[in-house]
Amino acid sequence: IAASLATCHINVVGNGLADKPDHAHTAVIVNSSYPAAPYTARLLQQMFQARLLTRAMPDVHAQVVLLLGNDVPQAQWS
């Protein structure tokens with residue numbers, strides 16, 4: 001998915017495992033601890049048909065976090 005995002009000019013600053021492995025739905029999380037990135041958030045929301053959430057995540061060094069849920073086919077993850 002990171003390579004696909006790069007073709008859309010989205011800068012992927014990192015990746016990792018979610019807090020739990022069984023998120024049912026994909027979510028785009030706007031990190032309110034950093035400056036807003038509304039274009040990126042909306043683009044990801046549309047690309048993944050995801051929920052849009054806002055949370056303060058001061059320990060996460062990204063403006064927007066894409067949380068892949070079980071609604072994204074595993075084949076797209078690689």
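Everything numeric here is computed off the predicted structure, so don't read it as measured data.
Within the 4.5 Å cutoff, no side-chain heavy atoms of Ile29 are placed close to those of Thr54. At a threshold of 4.5 Å between non-hydrogen side-chain atoms, the residues Gln63 and Pro35 count as touching. Contact check for Val60 versus Tyr34: no side-chain heavy atoms found under the 4.5 Å cut-off.
Under the side chain to side chain contact (heavy atoms under 4.5 Å, CB included) criterion, Val64 pairs with Val28, Ala37, Thr40, Ala41, Leu44, sequence neighbours left out. Residues that satisfy the side chain to side chain contact (heavy atoms under 4.5 Å, CB included) test with Ser33, not counting sequence neighbours, are Asn31, Ala56, Pro58.
Atom CG of Asn70 sits about 8.5 Å away from atom OG1 of Thr26, to the nearest 0.5 Å. Between the CG atom in Leu17 and the CG atom in Leu68 there is a gap of 11.0 Å [rounded to 0.5 Å]. Rounding to the nearest 0.5 Å places CG of Leu43 at 4.5 Å from CD1 of Ile10.
Here the options are His23, Arg51, His25, the test is side chain to side chain contact (heavy atoms under 4.5 Å, CB included), and the partner is Leu67; only His23 passes. Evaluated for a side chain to side chain contact (heavy atoms under 4.5 Å, CB included) with Gln45, the options Arg42, Met47, Gln49 yield exactly one hit, Arg42.
Considering every non-hydrogen atom in both Leu53 and Ala27, the closest pair reads CD1-CB, 4.0 Å.
Residues Tyr39 and Val65 do not share a hydrophobic cluster, defined by chaining ILVMFWY side chains whose heavy atoms lie under 4.5 Å apart. In the hydrophobic cluster analysis, where Ile, Leu, Val, Met, Phe, Trp and Tyr join through side-chain heavy atoms closer than 4.5 angstrom, Leu66 is grouped apart from Val13. If you chain together hydrophobic residues whose side chains sit under 4.5 Å apart, Met57 and Leu52 never meet in one group.
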